[in-house]
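Below, each value reflects all heavy atoms present in this structure, side chains not excepted, and no hydrogens, waters or symmetry copies.
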Amino acid sequence: MTETTSSAAKRYLPWVVATALFMEQLDSTIVNTAVPSMAASLQVTPLSLKAVVTSYILSLAVSIPVSGWMADRFGTRRVFTTAVAIFTIASILCGLAVNSPMLVAARLLQGFGAAMMMPVGRITIIRTFPKSELLRAMNFVIVPALIGPLLGPTVGGLIVHWLSWREIFFVNVPVGMAAIALALRYMPDYHGEQERPLDLIGLVLFGAGIALLSWLLEIFGEHRIDATSTGILFLLAASLLGAYVWHARDEPHPLLRLSLLRIRTFRVSVAGGFLTRLGMGGMPFLLPLLYQLGLGLPAWQSGLLMMPAAAAAMGMKFISVRLLSTFGYRRVLVVNTVLIGLTISLYSLVRAGTPIYAIVAIGLCLGFFNSLQFSSMNSIAYADVEGRDTSMASTIASSMQQLSMSFGLACGSLVTGWYLGGLPQTNRAALTSALHHAFLTLAVLTVLSSLTFWTLRKGDGDSTSKGAA
């Protein structure tokens with residue numbers, strides 16, 4: 001890149017990636033709100049439309065591992081713009097669907113496009129910005145990932161109430177077209193340093209394993225399959241993933257090069273992020289239940305109570321660089337993870353008589369700490385990764401993040417259901433008590449996950465936070 005092109009890329013590239021990520025994150029959460037309306041329009045039962053959600057998750061899980069190989073082979077600009085185009089076209093097909101099978105097929109295509117967007121966008125960010133500037137760029141890009149899940153249910157509810165469920169998909173069209181136009185003009189086109197063959201055996205083993213595991217986590221707690229079948233399928237998924245690990249040991253060009261986990265900062269980011277999301281990942285699912293079913297608030301008020309967390313997430317990026325530069329990654333991640341756990345525990349005190357300003361204050365704290373956590377974990381992951389390994393590192397990190405989000409949602413649902421026992425969810429007192437106990441349990445899990453960050457050393461991540469060699 002020339003100096004002028006490089007300057008323009010640095011200025012606009014974060015906007016391009018952030019726009020695509022926001023579209024993806026908003027879409028993945030907004031659809032759940034519209035399922036009843038979709039079912040009525042397509043004349044099917046709401047339960048039968050669960051495939052609309054699971055098909056997207058499965059396509060995403062299977063396709064992410066191959067994103068790094070495609071970026072190295074065909075170039076980041078071509079793969080990214082093609083992915084956004086596929087996602088946009090699939091969104092149109094979803095909105096035009098006349099029956100359930102057509103909608104599921106379009107969601108599969110949409111998931112494939114989404115799987116290419118974020119990993120490839122992240123690869124481009126890492127290769128464009130030097131490590132001393134990477135934290136600021138990551139800060140900008142990570143905000144949509146936090147805001148999308150918070151705004152999704154609210155925006156989806158408003159669209160369904162005032163328009164129709166089809167407009168939920170059509171709103172992606174102008175956003176996608178803008179992202180494509182910006183990407184074609186400002187996104188650098190990086191290729192791999194050497195051409196490597198696609199590990200087809202690894203793709204089958206890992207793809208089948210992670211798809212089966214993601215599907216089980218998505219339907220977990222719905223009692224659609226018995227415990228024995230669930231256990232067998234979990235064992236099969238674990239066996240497939242174990243077989244991939246065994247296969248990757250001797251494969252010269254594995255789908256996911258697990259040897260990168262020997263890099264301490266990358267390993268801690270991936271493992272620590274996975275464990276932390278077990279506690280944090282269930283909050284977007286549990287909080288609307290607390291507000292609507294526990295406190296009896298209407299959906300629009302529940303949505304408004306999710307806004308403070310989004311506002312705090314945006315405000316965080318102005319001070320996180322200074323925090324990490326002053327205190328270092330190790331201290332920030334250890335302390336901040338504990339603060340997240342303590343904030344989650346505060347929701348166990350929220351009941352019908354709790355003042356709104358107190359709930360808003362808790363939401364502001366949670367949004368701020370969550371945003372700082374994700375920004376820190378995502379940026380330290382690449383502090384010691386060589387430039388030639390960024391595609392592989394981004395693919396591994398994206399795959400684990402997708403799996404951890406499914407685990408987090410399943411964990412929140414499982415813990416709440418266990419505390420609720422056999423009581424119906426219409427029992428407000430019982431549900432509120434179960435949610436309070438679930439928040440305390442998730443808080444303890446989150447605090448315990450801070451132990452993973454103790455393995456970092458004092459100077460880890462200084463190349464990103466301070467620009468040190």
Side-chain angles (χ1 to χ4, degrees), residues 5-31 56 60 63-64 67 71 75-92 94-95 109-129 133-152 154-156 159 167-190 307 310-311 313-318 371 374-375 378-379 394 398 401-402:
T5 305
S6 177
S7 176
K10 288 183 177 180
R11 185 181 303 113
Y12 295 106
L13 179 60
W15 282 98
V16 177
V17 179
T19 300
L21 177 59
F22 179 75
M23 179 174 65
E24 173 192 334
Q25 292 290 320
L26 187 66
D27 186 89
S28 64
T29 54
I30 203 174
V31 171
Y56 180 86
L60 199 66
S63 303
I64 283 177
S67 60
T76 52
R77 183 193 300 146
R78 183 187 302 179
V79 173
F80 184 84
T81 52
T82 302
V84 176
I86 290 173
F87 189 90
T88 306
I89 293 171
S91 298
I92 296 174
C94 286
L109 183 62
Q110 199 178 34
F112 175 76
M116 298 294 127
M117 285 196 297
M118 189 50 208
V120 176
R122 181 181 293 160
I123 291 168
T124 313
I125 289 282
I126 296 167
R127 292 188 178 181
T128 299
F129 290 87
E133 301 175 14
L134 187 59
L135 178 57
R136 294 183 184 275
M138 284 286 193
N139 270 350
F140 190 91
V141 173
I142 198 64
V143 171
L146 296 164
I147 297 177
L150 296 175
L151 297 185
T154 305
V155 175
I159 291 177
E167 273 65 40
I168 280 179
F169 297 105
F170 292 148
V171 295
N172 291 331
V173 177
V175 180
M177 292 177 67
I180 291 172
L182 288 171
L184 288 173
R185 183 169 183 178
Y186 297 111
M187 175 167 272
D189 194 25
Y190 300 115
M307 298 290 189
M314 289 187 287
M316 174 281 311
K317 67 188 183 73
F318 296 107
S371 188
F374 288 127
S375 181
N378 287 345
S379 57
S394 178
S398 298
Q401 285 177 18
Q402 173 60 35

Spacing of Phe80 atom CZ and Met117 atom CE [to the nearest 0.5 Å] = 7.0 Å

Answer yes or no: is there a side-chain heavy-atom contact under 4.5 Å between Pro188 and Arg127?
-> no

Please name the pair of heavy atoms, one in Val84 and one in Ala20, separated by the smallest distance, quoted to 0.1 Å.
-> CG2-CB, 4.4 Å

About how many Å separate OG of Ser67 and CG of Leu60, when rounded to the nearest 0.5 Å?
-> 10.0 Å

Got Leu13 and Met187 here, is their nearest side-chain heavy-atom distance under 4.5 Å?
-> yes

Got Phe112 and Ile86 here, is their nearest side-chain heavy-atom distance under 4.5 Å?
-> yes

Backbone N or O of Leu184 within a donor-acceptor pair of the Thr81 side chain at under 3.5 Å?
-> no

Test side chain to side chain donor-acceptor pair (under 3.5 Å) applied to Thr82 - qualifying residues, sequence neighbours left out | none

Distance-only donor-acceptor pairs under 3.5 Å for side chains of residues 168-181, two or more places apart:
residue: Asn172; atom: ND2; partner: Asp27; partner atom: OD1; Å: 3.0
residue: Asn172; atom: ND2; partner: Ser91; partner atom: OG; Å: 3.1

For residues 113-125, pull every pair meeting side-chain hydrogen bond (donor to acceptor under 3.5 Å, both in side chains), keeping only residues two or more places apart or in separate chains.
-> Arg122-Ser398, Arg122-Gln401

